[in-house]
Amino acid sequence: MESKEAPRDFIRKIIDEDNKSGRFGGRVHTRFPPEPNGFLHIGHAKSICLNFGIAKEYGGLCNLRFDDTNPLKEEQDYVRAIEEDVKWLGFDWEDRLFFASDYFGKMYEHAVQLVKAGKAYVDDLTADEIRDYRGTLTTPGRDSPFRNRSADENLNLLERMRAGEFADGAKVLRAKIDMAHPNLNMRDPVMYRILHAKHHNTGDKWCIYPMYDWAHGLEDSIEGITHSICTLEFEDHRPLYDWYLDALGVYHPQQIEFARLALTYTVMSKRFLLQLIEKGYVRGWDDPRLPTLRGLRRRGYPPTAIRTLCERIGVAKVNSTVDIEFLEHCVREDLNKTAPRFSGVLRPLRIVIENYPEDKMEEFEAVNNPEDPAAGKRKVPFSRVLYIEQEDFMENPPPKYYRLAPGREVRLRYAYLITCKEAVKENGNLVELRCTVDPDTRGGNAPEGRKVKSTLHWVSAAHAVDAEVRLYDKLFTVPDPLAQEGMDFKDLINPKSKEVITACKAEPAVRGLKPYDRFQFERIGYFCVDPDTTNDHLVLNRTATLRDQWAAIQERGQSGK
RNA sequence: AGCCCCGUGGUGUAAUGGCAGCAUAAGAGGCUCUGGACCUCUUGGCAUCGGUUCGAAUCCGGUCGGGGCUGCCA
């Protein structure tokens with residue numbers, strides 16, 4: 001089963017060791033534990049792929065568990081959205097959908113156990129006082145004056161906390177560890193706070209809610225998780241995770257921390273994404289420029305490509321930033337193999353084939369996907385008046401430009417070889433091209449010995465479908481918008497991150513497309529149908545451009561090289 | 001400042017005591033009815049100093065550098 005040289009990341013190595021030693025009886029059981037207080041992004045995707053991926057590889061299980069311990073921040077709507085996004089990414093938790101709030105009862109019983117054992121106490125200090133007593137990074141903290149209450153008194157107080165006798169913030173339950181511990185997390189951490197708030201799941205049943213550290217290990221323990229994988233910032237919390245579980249003497253999973261995903265030219269944290277949305281820089285959580293799963297979906301990124309990326313970037317403990325080009329590469333690679341091809345002209349230039357009859361129409365056969373013969377073929381209509389891309393004609397072409405120019409012959413893909421006879425202008429503006437076809441080149445085949453340097457895409461004017469196309473590009477102008485000294489990241493938004501063009505022309509076959517369908521406009525890029533599309537208005541999103549050597553040549557020319 | 005974690009091509013990662021590999025990016029060429037895809041080649045890396053060893057990216061120590069931690073958030 002194990003392929004011989006498959007590189008193993010440090011997490012899989014730990015699991016291999018545990019399986020060898022029989023630590024968890026050979027079981028592997030992970031979990032993805034989002035807090036339902038926002039939408040998932042590609043950083044979460046890394047964690048999802050890791051947790052579900054590992055479970056699958058080892059023949060184990062992965063739970064979807066909502067870590068809903070803070071009623072002030074969490075909403076039912078997010079639960080539904082997160083479930084949807086995890087499914088879209090391609091993972092299945094089967095019947096293992098859990099909520100931390102399902103365990104509030106058990107958690108409380110365990111808290112009582114700790115109180116009875118003299119390992120937890122009720123503290124009357126205010127939040128400010130607790131902070132003050134905690135000490136600093138370099139100085140030890142001081143014991144709370146309430147630290148040595150008797151177990152009976154603590155028990156009584158805890159019960160009254162639960163019963164709702166006290167106001168928010170009046171008291172907390174704390175673990176009794178060590179106020180001088182060099183790890184601040186161990187200086188008598190808060191286990192329960194009083195919050196008279198309605199919880200999305202438990203309603204008004206509780207008015208005390210568990211803190212993350214107290215809750216999380218217990219959730220893992222209750223579910224029989226073997227490896228509790230989380231991000232690096234919880235490394236300092238592991239001693240506490242271990243302390244709680246040891247103090248309780250319950251089943252004890254292994255917490256493992258890895259570095260979260262960061263990408264260039266974007267921001268990932270909910271806080272910054274929210275700013276972009278609330279200030280109107282983007283249209284919502286599903287804006288195609290955002291790294292949210294919903295944004296990527298609307299942009300046309302296939303979930304398989306996102307999974308491929310997550311596999312390839314690996315897992316480690318170094319903080320690193322993946323180049324967004326790498327994501328785009330995975331997307332292009334995926335779409336190249338799967339996306340059907342169509343012809344579409346973004347910025348139309350009208351051309352008239354002078355020696356082609358006005359009332360004539362032919363159909364040519366076009367390959368749907370050269371990478372996938374099973375995708376079949378389709379017919380595309382050809383007639384006297386066509387559209388080609390404005391970029392595909394130059395009156396005075398520079399040396400390496402080998403598209404259409406006056407007097408030059410090129411191929412119209414699948415159709416004919418044509419020659420440009422005249423560029424017609426009005427007031428100095430190019431309005432149309434007069435061209436001729438060589439009837440002997442029907443189907444686009446050049447007679448023996450004749451070569452044309454370029455093949456252009458085209459659309460028959462009489463048969464064209466109009467479309468609005470939204471061109472997307474990198475959200476920011478710099479790789480790390482948050483690291484620019486003295487600059488608000490919002491001022492670094494790429495003004496060209498979204499450009500809308502409206503007079504686009506596509507071949508008739510695009511009429512069969514549905515929202516979110518992905519395809520390629522040959523020679524242009526990958527696109528998908530935006531859900532804004534209506535019966536008489538087609539809206540397309542550009543997912544990614546094709547790699548473009550000509551653009552690279554131009555760029556180099558401009559940079560003076 | 002105290003505690004914890006981490007330093008391998010531009011970027012992301014392998015190799016765990018024995019020739020530093022892969023992917024991506026970049027450059028050159030080939031092929032092509034998409035200047036796409038594909039194929040070939042090239043450039044480029046073990047933070048640093050010392051120790052152990054026949055031999056160190058790997059083990060040990062120092063230095064330097066990066067990150068995290070002082071919520072009744074997760």
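Just so it is clear: chains get the letters A, B, ... in the order the sequence lines come, proteins before strands, and each one is counted from 1.
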Indicate, yes or no, whether a donor-acceptor pair under 3.5 Å links the base of G68(B) to the side chain of Asp236(A). yes
From CD1 of Ile324(A) across to P of A25(B) the rounded distance in Å is 14 Å
Donor-acceptor pair under 3.5 Å, Glu371(A) side chain vs G36(B) base: yes
Applying the ring-ring contact (aromatic ring centres under 6.0 Å, His included) criterion to Tyr212(A), which one of Tyr192(A), Tyr244(A), Phe234(A) satisfies it? Phe234(A)
Write down the partner of A37(B) under the Watson-Crick or G-U wobble criteria, each distance required to be under 3.5 Å. none
Is there a donor on the side chain of Gln520(A) or the base of U34(B) sitting less than 3.5 Å from an acceptor on the other? yes
Going by the angle between their ring planes, with limits at 30° and 60°, are Phe527(A) and Phe521(A) parallel, tilted or perpendicular? tilted
Identify the nucleotide, in any strand shown, that forms a Watson-Crick or G-U wobble pair with G18(B), with both distances under 3.5 Å; if there is none, say none. C54(B)
So does Arg131(A) reach the base of G71(B) with its side chain, donor to acceptor, closer than 3.5 Å? no
Taking O4'-C1'-N9-C4 for purines and O4'-C1'-N1-C2 for pyrimidines, is G21(B) syn (within 90° of 0) or anti? anti
Go through U13(B), G35(B), U24(B) for me and flag the one nearest to the His329(A) side chain. U24(B)
Check: Arg341(A) side chain, U34(B) base, donor-acceptor under 3.5 Å: yes
C41(B) and U34(B): how far apart are their C1' atoms, nearest whole angstrom? 25 Å
